[in-house]
Amino acid sequence: MQELVIVGNGMVGQRFVEALRERDTDRRWRVTVLAEEGRPAYDRVNLSSLFDGRSAEDLNVVADGCYDDRHYSLHLDDAVAAIDRTARTVTTVRGRTVSYDALVLATGSAPFVPPVPGKDRPGCFVYRTIDDLDAIRAAAGRVPRRGRRAGLVVGGGLLGLEAARALRLLGLSPHVVELAPRLMPLQVDEGGGQLLRRQIEDLDVTVHCGTSVTGIDEDGDRLLATLANGTELDVDLVVFSAGVRPRDQLAREFGLDVGERGGVLVDDTCQTSDEHIYAIGECAAMGGRAYGLVAPGYDMAEVVADRLLGGAATFEAADTSTKLKLLGVDVASFGDALATTEGALEITLNDPVAGSYAKLVVDDAATTLLGGVLVGDASRYPALRPLVGRPLPADPVALIAPSGEPLALPDDAQVCSCHNLSKASICAAIGEQSLTDVAAVKACTKAGTGCGSCVPLLKTLLAESGVETSNALCEHFAMSRAQLFDAVRAGGLTGFTAIIETHGSGRGCDICKPAIASMLASMELGHILDGEQAALQDTNDHFLANLQRNGSYSVVPRVPGGEITPEGLIVIGEVARDFNLYTKITGGQRIDLFGARVEQLPAIWRRLVDAGFESGHAYGKALRTVKSCVGSTWCRYGVQDSVTLAIDLELRYRGLRSPHKIKAGVSGCARECAEAQAKDVGVIATENGWNLYVGGNGGFRPRHADLLLRDVDTDTLIRTIDRFLMFYIRTADRLQRTASWIESLSEGGAGGLDYVRSVIVDDALGIGAELDAAMTRHVASYRDEWADVLEDSERLQRFESFVNAPDTPDPSITFVTERGQPRPTLPLAVVQ
Amino acid sequence: MSAANPLSGALDVEWCVVPHHSRDNAPLNGIQPRWVVVCPLGRLQPERGVAALVDGVQVAVFRTHDGAVYALDNRDPYSGAYVLSRGIVGSRGDVPTVASPMYKQVFDLRTGACLDDDAVRVATYEVRIADDQVEVRR
């Protein structure tokens with residue numbers, strides 16, 4: 001076995017490790033990674049999302065179990081200090097010496113800070129690591145909350161605009177200073193830059209192009225930045241993000257060749273001037289040029305992984321294409337975007353009214369696509385980028401015209417640049433593995449799992465492969481849940497027979513019936529067990545309890561906000577004792593009582609209702625709980641009364657039926673003890689009000705919620721949640737949690753949250769009042785389902801074990817005692 | 001055929017004297033299968049089921065939208081729990097169905113065949129309507 005040492009654990013270094021680990025099935029290499037930072041590789045491209053509700057853990061890019069393998073070890077916080085090329089060893093700052101047969105430098109780059117007087121003053125930062133962002137956040141937190149709070153970003157490139165976004169998320173008004181005459185000078189041309197600037201300035205970002213910072217002085221507790229054009233800016237902090245420089249110190253110190261403009265000089269196999277040493281990513285200078293983008297770095301990682309296993313891969317021309325959403329503005333740049341090829345022609349469509357700019361660069365014969373720029377609307381990017389270097393499939397104007405037809409891609413066109421997958425390879429996987437949706441294509445091929453920009457293309461490829469991505473609810477309804485809901489509401493239909501005869505076929509099934517039951521329930525058409533509605537309910541809703549594996553049910557009384565009196569606890573305890581029920585505290589701060597037979601449910605609920613309890617709707621696709629921490633009433637750290645808000649919210653939305661369960665949480669301070677960010681609706685108290693998060697969930701694919709509103713008062717908060725929930729109920733698919741619903745509203749993997757915000761905050765669709773009214777109706781018409789059942793002998797009739805022996809318990813339901821409580825003796829399933 | 005159409009007129013009811021029918025279910029312990037009254041027809045809500053005890057056997061009795069009545073074994077073979085009567089009644093193609101409430105496998109109400117797995121079938125029982133009463137025979 002040979003020894004491989006990797007210096008650095010950034011995105012490219014980690015990608016290299018995973019590429020090697022995947023392919024080195026014979027275990028030819030033992031891998032040691034020596035990293036300077038204290039945390040394993042993370043997504044540096046999306047650092048600003050740390051201020052948008054994501055945690056450092058969310059940015060982690062290390063595949064699960066990567067370093068559980070004894071052949072792969074990662075040493076954090078232990079930078080390499082020296083290389084002995086003769087002995088083939090490296091020594092770290094902590095004194096660790098490791099020998100190597102091959103050494104890979106993946107040390108990345110460092111921020112470039114222009115030599116501005118005052119650049120080292122307190123309040124001046126760079127933008128490169130999670131630690132840098134933590135420092136910026138801490139500094140922003142110290143800025144008094146009065147008057148205008150501003151930040152200066154030095155550099156108007158990709159990184160600078162990311163930094164401006166970060167400052168904006170921290171509540172500072174950003175100024176961006178760019179030396180070039182336009183923003184993003186490396187990717188975008190003059191026309192695109194103008195549109196980008198206009199759109200960004202609409203977002204409270206002040207842009208200063210064609211000038212530079214000449215000095216930073218202290219001015220009381222603020223900073224005063226002076227620009228070359230004489231402008232003076234009062235700011236609270238300064239972030240330098242004016243580009244990066246390759247970190248090539250090890251190469252310089254230990255005698256490897258470096259490029260004229262920095263970077264470890266490598267050939268097209270990523271080998272340095274020492275045959276045992278490779279360099280990849282931003283520290284490497286390929287043909288004298290270093291790339292400050294992650295995609296070429298990934299390509300280099302693949303090349304070296306291949307070479308180390310005996311392959312003959314070489315680095316082809318770097319793809320510097322990018323597609324980003326910068327401060328909400330789509331920007332894409334691909335190929336020779338700036339038309340530097342001799343004789344290149346440019347075709348431009350500039351629509352300042354619609355806010356879109358598109359340019360294609362073609363060769364002098366106007367037959368081959370060389371590159372392009374898209375600003376404002378980058379939806380054509382995934383289809384255009386793979387065509388670079390190829391004959392134009394249509395008139396270039398038609399390719400960027402807003403109404404243009406979708407393009408058919410050639411088979412060898414690269415669809416996913418992150419994982420280097422061609423159209424042919426993806427289509428082959430679709431055919432061979434019988435893939436039928438985007439999720440399956442992602443899981444099988446990894447396509448679309450990197451930057452996500454090719455996801456719309458995957459849908460096209462599925463369609464081209466003859467896969468119908470149907471949104472039909474089931475065999476009985478050809479339309480989606482949202483379409484059916486619209487049709488039902490518009491037609492005023494209130495019964496299943498009328499609905500299926502008008503819009504469907506057959507007699508329904510376990511998919512469409514509960515879905516329609518849920519729609520009818522949200523139209524407030526009376527008790528869910530009355531009339532035809534009864535036959536639509538899943539067994540849980542039919543018995544208003546949760547079916548367990550032995551055929552018994554569990555019972556969950558509502559405990560709003562998790563607040564319960566001693567008397568309430570005693571009643572629940574007595575009921576559990578008297579009916580021999582197993583009790584367990586749930587994650588939603590209530591008590592679940594297990595092991596009730598159907599014929600016991602009314603008697604159990606009689607006792608609970610008499611003691612003031614209501615249905616907790618644990619059985620329904622409905623609002624479950626609003627979890628809370630104890631809040632400012634008791635907690636030394638709480639800043640708002642989270643318990644009262646949680647109770648108010650739970651009482652407001654109780655009984656609200658929805659496409660899937662809805663969970664909510666309220667935390668009384670930023671310590672977040674209620675885990676609100678793991679909920680569909682999460683509220684976190686601030687000193688000025690509430691922050692509202694949406695779209696979180698635990699479960700199979702845990703996801704943190706995204707910040708929707710900041711520092712709002714209680715009325716605004718509640719109105720926004722009202723609309724969020726109603727909009728979700730009306731437009732989501734069946735069994736679609738809020739997270740995937742929001743994702744489904746996006747174009748190309750981003751923007752779903754922006755769309756939700758535009759609808760429910762800015763009322764872009766003009767349906768705000770309608771959503772408000774629907775929620776008002778819900779609140780007014782709420783009745784406890786269990787109390788209503790107990791008052792109605794017909795509804796009570798169903799709660800019997802046998803229609804001809806209503807008092808005979810199901811003999812198959814039996815229990816044994818475990819830890820002092822009943823536990824089901826499990827029935828034997830015939831079929832596994 | 002285990003379906004009886006209530007609209008086809010009254011059937012003869014002969015308690016305990018119906019000879020053993022040529023079915024899969026052999027008489028147990030020498031007990032002759034007999035028609036057992038389960039409930040009035042009105043207790044069967046269209047497109048829902050009820051559980052009944054027929055000579056100690058749990059039977060799931062369903063009434064479909066068109067008025068037909070079916071009887072299956074109440075035991076869900078996938079979980080072993082006696083819950084099929086609590087499933088959602090519907091159709092797949094032209095087949096009247098019930099979906100197990102436990103893991104949602106779908107069964108043909110006429111034959112007991114699992115439509116999601118050729119190898120699985122639950123027992124069916126004869127059922128008829130007589131004098132507005134639902135009767136089942138094992």
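Residue numbers start from 1 in every chain, and the chains themselves are labelled A, B, ... in the order their sequence lines are given, proteins ahead of strands.
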>> Between A:D784 and A:A787 (side chain of the first, backbone of the second, donor and acceptor by atom type, cut-off under 3.5 Å), is there such a pair?
In response: yes
> Which one, B:V54, B:T97, B:V38, leads in non-hydrogen pairs under 4.5 Å with chain A?
Replying inline: B:V38
>> Less than 4.5 Å to any heavy atom of chain A: does that hold for the side chain of B:P96, its backbone, both, or neither?
In response: neither
> How about B:Q58 and B:D73: does a side-chain donor come under 3.5 Å of a side-chain acceptor?
Replying inline: no
>> Give me the atom names and distance for the closest heavy-atom approach of A:L623 to A:H617.
In response: O-CB, 3.9 Å
> Checking B:A51 against chain A: side chain, backbone, both or neither under 4.5 Å from a heavy atom?
Replying inline: both
> Are A:Y553 and A:T539 linked by a side-chain donor-acceptor pair shorter than 3.5 Å?
Replying inline: yes
> Which atoms of A:T808 come close to chain B, meaning under 4.5 Å heavy atom to heavy atom: side chain ones, backbone ones, both, or neither?
Replying inline: side chain
>> Counting only non-hydrogen atoms closer than 4.5 Å, does B:V50 touch chain A with its backbone (N, CA, C, O), its side chain (CB onward), both, or neither?
In response: side chain
> Considering only heavy atoms, which portion of A:Q537 lies under 4.5 Å from any heavy atom of chain B: side chain, backbone, both, or neither?
Replying inline: both
> What part of B:E47 is in contact with chain A, defined as an atom under 4.5 angstrom from a non-hydrogen atom: side chain, backbone, both or neither?
Replying inline: both
> Does B:D66 use its side chain to pair, donor to acceptor, with the backbone of B:A68 at less than 3.5 Å?
Replying inline: yes
> Heavy-atom distance under 4.5 Å to chain B: side chain of A:L536, backbone, both or neither?
Replying inline: backbone
>> Using 30° and 60° as the class boundaries, would you call the ring planes of A:F496 and A:F477 parallel, tilted or perpendicular?
In response: perpendicular
> With a 6.0 Å cut-off on ring centres, are A:F579 and A:W605 close enough?
Replying inline: no
> Of the listed residues (A:P811, A:C509, A:A534), which shares the most heavy-atom pairs with chain B below a 4.5 Å separation?
Replying inline: A:A534
> Top residue by heavy-atom pair count (under 4.5 Å) with chain A, among B:L53, B:V83, B:V89?
Replying inline: B:L53
>> Strictly distance-based, threshold 3.5 Å: is any side-chain N or O of B:D116 a donor or acceptor partner for the main-chain N or O of B:Q105?
In response: no
> Under a 4.5 Å heavy-atom cut-off, does chain A meet the side chain of B:R86, its backbone, both or neither?
Replying inline: both
> Relative to chain B, which segment of A:S801 carries a heavy atom at a distance below 4.5 Å: side chain, backbone, both, or neither?
Replying inline: backbone
